[in-house]
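Structure record follows, encoded as structure tokens.
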Amino acid sequence: MNRQAKQEYCGGIDVGGTKIAAALFTEDGRMSGRKRVPIDRGSPEKPVRQIIGFIHGLEDQARRKGGWLRAIGICIPG
């Protein structure tokens, strides 16, 4: 199956003051999965690693559902 024939998903990542949340959405806007974790404040690099982990997780979720992740929006305060 080629990429055009697969279901396309979009991801959203919200970085807040105390948590990072992510969700996967179908082409028609339905939420297909979500996750939320507290921000790891151990060092400045740890939240960045968490965000990267969320991106990889959204890609994996889309792949497991037989599709691919077309885009991600990230909201960061400040």
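Keep in mind that the numbers below use all heavy atoms, side chains included, and drop hydrogens, waters and symmetry copies. Quick caveat, the model's predicted, so the values are computed rather than measured.
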Should Phe54 and Leu69 be regarded as members of a common hydrophobic cluster, given that ILVMFWY residues are connected when their side-chain heavy atoms come within less than 4.5 Å of each other, either directly or indirectly? yes
Please give me the minimum heavy-atom distance between Ile51 and Ile13, naming the atom from each residue. O-CD1, 4.2 Å
Is there a side-chain contact between Pro77 and Val15 (heavy atoms, below 4.5 Å)? yes
Minimum heavy-atom separation for Ile39 and Gly16, please, with both atom names. CD1-O, 2.9 Å
Distance-minimising heavy-atom pair for Ala62 and Tyr9: CB-CD1, 3.7 Å
Would Ile20 end up clustered with Ile72 when hydrophobic side chains under 4.5 Å apart are linked, directly or stepwise? yes
Rounded to the nearest 0.5 Å, how far does CD of Glu59 lie from CH2 of Trp68? 11.0 Å
Which pair of heavy atoms, one from Ser32 and one from Lys65, lies closest together, and at what distance? OG-CE, 3.0 Å
To the closest 0.5 Å, what do you measure between CZ (Arg34) and CG (Leu24)? 13.0 Å
Mark yes or no for whether Gln50, through its side chain, and Asp40, through its backbone, hold a donor-acceptor pair below 3.5 Å. yes
Lys/Arg-Asp/Glu bridge criterion (N-O < 4.0 Å) met for Arg36, Asp14: no
Write down the atom of Glu27, the atom of Glu8, and the distance for their closest heavy-atom approach. CG-O, 3.1 Å
